[in-house]
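Every chain is numbered from 1, with letters handed out A, B, ... down the list of sequences. Note that this is a predicted model, so its numbers are computed, not measured.
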Amino acid sequence: MPDPEQIAIDVRGAVKRYGDFVALKTISLSIMDNEFFTLLGPSGCGKTTLLRMIAGFEDVTEGAIYLFDEEIETLPPNKRPVNTVFQNYALFPHMTVLDNVAFGLEMRGASRPEARTRAAEMLELVQLGAFAARKPAQLSGGQQQRVALARALAPRPKVLLLDEPLSALDLKLRKAMQLELKHLQRETGITFIFVTHDQEEALTMSDRIAVMSAGELQQLGSPSDIYERPANMFVADFIGETNLLDVSVDRVDADGATCHLGGGHVLRGVAGDGVQAGAQVHLSIRPERLFMSETPVAADGLRGQVRENIFVGTDITTIVQLDDGPDFVVRTSNSDRGNKRIFDPGTAVFVNMEQGAARLLTG
Amino acid sequence: MAAGAASGGSATTDTYKDTRTWLLMPAWVTLSILVLAPVLMMLVYSFLTKEFRGGVIWDFSLDAYDQFFFDRGLFGDDPPRIEWTYVTIFWRSIWQAGVATLFSLLIGFPTAYFIATRPANLRPVWVFLITIPYWVNLLIRTVSMKFLLRDQGPLNDALIGIGLIDSPLHIVNTNLAVQLGLFYSYLPFMVLPIYAAVERYNFALSEAAADLYASKWVTLRRVLLPSVRPGVVAGCILVFVPSMGSFLAPDLLGGARNFMIGSLIEEQFKGNAGNWPFGAAASMILLSLVLIILMLSARQQARADKGGG
Amino acid sequence: MKGPFDLRSYTGFRAITVLCLIVLYAPLIVVTVYSFNASQSLTNWEGLSLRWYADVFTGPESGKFKIAARNSFVIALIAASVATAIATLAATGMVRGGRFRGRALSFGLISLPIMVPEIVLAVATLIFFNAIGFDRGLLTILLAHIAFCIPFAYLPISARMQGIEDSYEQAAMDLYATRRQAFTRILLPLMMPGIISGFLLAFIVSLDDFIITNFVKGAGVETLPTAIFGSVKQGIKPNIMAISTLLLAVSVVMVTLSYLVGKSDNTK
C-alpha cells in the first residue's frame, strides 16, 4: 500500500557533469510515495537530466539516488522498478498496440498469454480496448499518448516518470489529458514524476512542484506556495505574470516592510529573509491582485495615468504609468459580478494593492 | 534539453559503447587484411625487381619509377631523358575523364534539378529510374554501348534511316567513344549528390532573390549554384575518379590508340610480358593522384562548412 | 505554381532529363531487343526468336557459361551474406557506439574499397595473394568479394540505423528488457529493411564484378562477367546479347526488390 509518509525517491546531493559542462549542480530533494511531483523549468534547466538519472539512462556524477531507501545507482534501467513515458512516446513501431503494452510484462517473466490478458486490461483502463490490434502509426497523437501510458503502467512500477508527455498534443487535448493523468495517478496510487516547461500544466496537476533553472533547484513547494509566495525573482517571473519593480526599503516591521519607488510612491510588501532597512530589493505583485480607483482606497494608493487597455477575453489588461514612475500591469476580470471598472486611456487613476499580495525579493 | 542533446539528439548514441570494439572487430580485421595490407604490399612491390615470367624478385629497386619517368635507351646505359610515353597515357586518362565529367555535369545537373523539384512522393521513383542502369553489370553496359555505336549499329542505322547522314559515323575506337562510354558508366554518380543538395536547398532563397529583382537565370547562378556547390563538387569527383582508372570503356570502346592507365596497368599483370613492379608503381601513382583529389576536395568542403556555406 | 512565375522550373531541364534517361536506357534496351533477333548476323533484323536463349542453355558454349554462372551465384551469395553480417555489426558499433577516437578512421577503412580505384584494388589484391603464396582460384575471388562488398552493405544499413531513434531501445530497457533483448526484439526488426537492402546491393556488386575477379581468379576459373569478357574479345555474338539480357534482368529484379524493401516501412 502506498504510504504518504514514505519517501519514494530520495535525491541526495546529485550532480551531473558532461566533461566541463555542469548540467545539474548539487540537488537534493525527496519525493513522497503516492505524490504527483513535477519538475518545472525552462529548457536546458536540467529537469530532463534528473529524470533520466532516476530512470537509469544517465549516470550520477556525484551523490546518490535512493528508491524506497535503496541505492539504485548500480542498477541498469532494466532492473529498476521505474517506468518512463517518453516525450515522443517511443512506441515500438513494428509491434501492435497490445504487444507494446505486453512488452514490459513479458520481459518481467510473464507468459505471453498472461501478459496479453493484463495488457488488454490496461488498454481498457485508458479506453483503447478497441485498438489493440493496430500499429502505433495508425493511432492519433492522443491515442499514442494513452498507449505509452498504459505500456509504462502495465508492469506496475513503483514510480512513473513522464518526460513532457503532453507537449506534442494540441491545447484542447492537452487540457483533457491533464485531468486524465491526475485521475489515473489517484486511481493507481503510483508516484508520478512529471517533467514540463509549461507552468500552467504544472500548477494544474501537481501536488508539489520543484522549480529548476540553470541546473539548480529554485523552489520546492505546493502550486499555491510557488505562485503566491515565490522564493526569488526567477520563480516570480517564470510562474505566471507579475509586476517586478526595483524598490528601496525604508522600514521593516512585524507584518512587512515599507519601501519606496522613484517618484515618491510608497508601497508595503511582505518581507522575506534578508530584507533590511536601506536595502535595494525587488517587489513582485501579480496583476490580478491590483485594482484601480478614482480616489485612493488605502494609504498606499499609487497615482498614475491609464495608458492602454488590452482586451484578452477572460480579462482586461490595463497598463498604468505611475506619475514619475514605472508602468504597472493591472488585470481586471471581464465579468460584471466583480468590481469591474475600466478607465479610458488618459484617465488619472489610483492603483491599489490587495493586502499582503506584494512580496519583497532579494534575489 | 541538455541531456537530450548529449545523449539522444545527435546522430550517434552510446547504447553499445562498451561492446563497440567487438562489434567493429570483424570489419577492422577483414578490411585490414584484404584491403589495407594489399595496398601496402603493392607499395612494397613497386620498389622490387621484376621477374621476367611475372612476379617479383625480392631486391630493392627504383627501376619501376625510373622506367615510368625516364628513358635510358634500349640497353639502359644512355643518359636519361624524360620518358613521355607513360606521362602521356596518364595525361590522356585525365583528359578523357575530364571531358566525361563535363558531359555528365551538363546532362546531370539539369536532370538532378528537375528530379529534386518534382513532388516529394515522386522523387524516389525518379531517383530509382536513374540508379537502375548503374546496377547493371558495367561490362554489359559497355558492350551494349559498343554495339549501339558500331558502324553498322542501331545508332548509325537510325541516323541514316532518317536521312541525317549518308555514310556511318565512325565512333568506335575514337576518343569520343571512350568519353561517351565513361559518361554513360558514371552518369548516375553525378545526378545523385546534386539531387541530394538541391533537395535540401531552401527555395525561399530563390524567392528572396526574385523579390530583389534577380532574373531566373541570375538566381540560378548567384544563389542556387553557390548553395548546392558541395553536391556539384561531390558529383564531379565521383565521376572523375573512377573514370580515370577505368579499364573496360577504353579497352572495349577505345582501341589501341586510346590507351588509358587502366589498360596500361592491366597489361603488366597478364601473361609473361608483364612487369609487376612497374604495374604496382603505376597503380601507386594513380592512387596518389586520387588521394590528392579526395584530400583537396575534403579540405575545400571543410572550409565551406566553416564559412557557413 | 505554374507558368512564367514558377521560380523552380527552368526551360529545357525537362528535355535534358528525358535525354538523360534515353542515354541511360537506350543501350540496355537495344541489347535486350537484339537478343531476340532471329538472324545469325548482328546487323540484320530477321524477326523475333528465342534461338539465342536456347543457344545459351544448349549451345556449344553452354557448358562454360553454366559453370561460370554457378560460380558467380555461389560467390555472390556467400560474399553478400558474410559482408552483410560484418556490416551489420560494424554499423551497430559506429552508430550506437558513441563518440570515440578512431571513429573517422574506422569509417575511412570501411569506405576504402569504394574510394580506391577498382583497378588499383585489383592489383593490390593480386599482389597480396601472390606475396603470401595463396593459390589463385575460387577462394581468392570470394575473399576479395567479401572485402569490397562490405561498404555496399554498410551504407544502407547504417543509414537505416541512424533513422531509428535510440529511445525505442531505451524504452525497451526501461520495460525490463536486457540489452540483448532490446537488440533482437526491437533494433533488429526495425533495421531489417536496411539489412535486406544492403544484402541485395552487395549481392549485385559481387555478381557484376569484372575487374577484381579478372585479376584474382586462377587460370581456368571463370565467373559470368569474365566468361562474357572472354567471348566479347573475339567479337560480339548474338548469344552474348542473350546472356547479357538474362544477367541484366537479374540485376534489375534485385535492385527493384532492394528498392521496394528499403521503402517498405514495417511500422505500418
Review point. Once the angle between the rings of Tyr259(C) and Phe128(B) is folded into 0 to 90°, is it parallel (under 30°), tilted (30 to 60°) or perpendicular (over 60°)?
Key: parallel

Practice item. Please report the C-alpha distance between Asn214(C) and Phe269(B) in whole Å, then the side-chain angles of each, then the deciding distance to 0.1 Å, and finally whether the side chain to side chain contact (heavy atoms under 4.5 Å, CB included) criterion is met. Key: CA-CA 11 Å; Asn214(C) 190 36; Phe269(B) 295 92; over 6 Å; no

Point to revise | Member of Asp166(C), Val95(C), Leu187(C) meeting the side chain to side chain contact (heavy atoms under 4.5 Å, CB included) criterion with Tyr16(B) | key: Leu187(C)

Point to revise | Heavy-atom pair count under 4.5 Å with chain B, highest-scoring of Thr125(C), Val23(C), Leu112(C) | key: Val23(C)

**Study point:** Engaged part of Tyr113(B) at the chain C interface, taking heavy atoms whose separation is under 4.5 Å
**Key:** side chain

Exercise for review: Report the option among Ile146(C), Leu143(C), Val252(C) that has the most heavy-atom pairs separated by less than 4.5 Å from atoms of chain B.
Suggested key: Leu143(C)

Review point. Is it true that Phe114(B) and Phe13(C) have ring centroids separated by less than 6.0 Å?
Key: no

Exercise for review: Name the member of Leu89(C), Thr256(C), Leu28(C), Ile127(C) that forms the most heavy-atom pairs with chain B at distances under 4.5 Å.
Suggested key: Ile127(C)

Check your understanding: Checking heavy atoms, do the side chain of Thr117(B), its backbone, both or neither come under 4.5 Å from chain C?
Key -> side chain

Practice item. Please look at Val127(B) and chain C and tell me whether the side chain, the backbone, both or neither of the residue comes under 4.5 angstrom of a heavy atom of that chain. Key: neither

Review point. Of the backbone (N, CA, C, O) and the side chain (C-beta and beyond), which part of Leu187(B) lies under 4.5 Å from a heavy atom of chain C, both, or neither?
Key: side chain

Exercise for review: Look at the side chain of Tyr10(C) and the backbone N and O of Lys216(B), then say whether any donor-acceptor pair between them is shorter than 3.5 Å.
Suggested key: yes

Review point. Donor-acceptor pair, Arg20(B) side chain versus Gly93(C) backbone, under 3.5 Å?
Key: no

Check your understanding: Of the backbone (N, CA, C, O) and the side chain (C-beta and beyond), which part of Leu24(C) lies under 4.5 Å from a heavy atom of chain B, both, or neither?
Key -> both

Study note, to complete from the structure: Okay, Met161(C) and chain B: the region with an atom under 4.5 Å from a heavy atom over there is neither

Point to revise | Top of Leu106(B), Thr19(B), Ile140(B), Leu238(B) for chain C proximity - count of heavy-atom pairs under 4.5 angstrom | key: Ile140(B)

Study note, to complete from the structure: Most heavy-atom pairs under 4.5 Å with chain C, out of Leu149(B), Leu294(B), Ile33(B), Thr21(B), belong to Ile33(B)

Point to revise | Full working for salt bridge (charged side-chain N to carboxylate O under 4.0 Å, His left out) between Arg179(C) and Asp18(B) | key: CA-CA 12 Å; Arg179(C) 197 168 59 181; Asp18(B) 51 337; 2.7 Å; yes

Check your understanding: Given a strict heavy-atom distance threshold of 4.5 Å, which part of Leu220(B) is in contact with chain C: side chain, backbone, both, or neither?
Key -> both

Point to revise | Ile107(B), part contacting chain C, at a heavy-atom distance under 4.5 Å | key: both

Study note, to complete from the structure: Cut-off 4.5 Å, heavy atoms of chain C, and the answer for Trp217(B) is both

Revision key, fill the gap. Of the listed Asn130(C), Ile243(C), Asp209(C), Ile150(C), the one with the largest count of heavy-atom pairs under 4.5 Å with chain B is Asn130(C)

Check your understanding: Given a strict heavy-atom distance threshold of 4.5 Å, which part of Val290(B) is in contact with chain C: side chain, backbone, both, or neither?
Key -> side chain

Practice item. Evaluate the side chain to side chain contact (heavy atoms under 4.5 Å, CB included) criterion for residues Trp276(B) and Leu126(C): first the C-alpha distance (whole Å), next the side-chain angles of each, then the deciding distance (0.1 Å), finally the verdict. Key: CA-CA 10 Å; Trp276(B) 284 37; Leu126(C) 167 66; 3.9 Å; yes

**Study point:** Heavy-atom pair count under 4.5 Å with chain B, highest-scoring of Ala15(C), Pro27(C), Ser244(C), Ala90(C)
**Key:** Pro27(C)

Check your understanding: What residue in Gly262(B), Ser246(B), Pro133(B) has the most heavy-atom pairs under 4.5 Å with chain C?
Key -> Pro133(B)

Review point. Under a 4.5 Å heavy-atom cut-off, does chain C meet the side chain of Tyr45(B), its backbone, both or neither?
Key: side chain

Review point. So which of Leu248(C), Leu109(C), Val30(C), Ile204(C) has the biggest tally of heavy-atom pairs under 4.5 Å with chain B?
Key: Leu109(C)

Exercise for review: List the steps, then state whether side chain to side chain contact (heavy atoms under 4.5 Å, CB included) holds for Leu21(C) with Trp126(B).
Suggested key: CA-CA 10 Å; Leu21(C) 286 180; Trp126(B) 278 99; 3.7 Å; yes

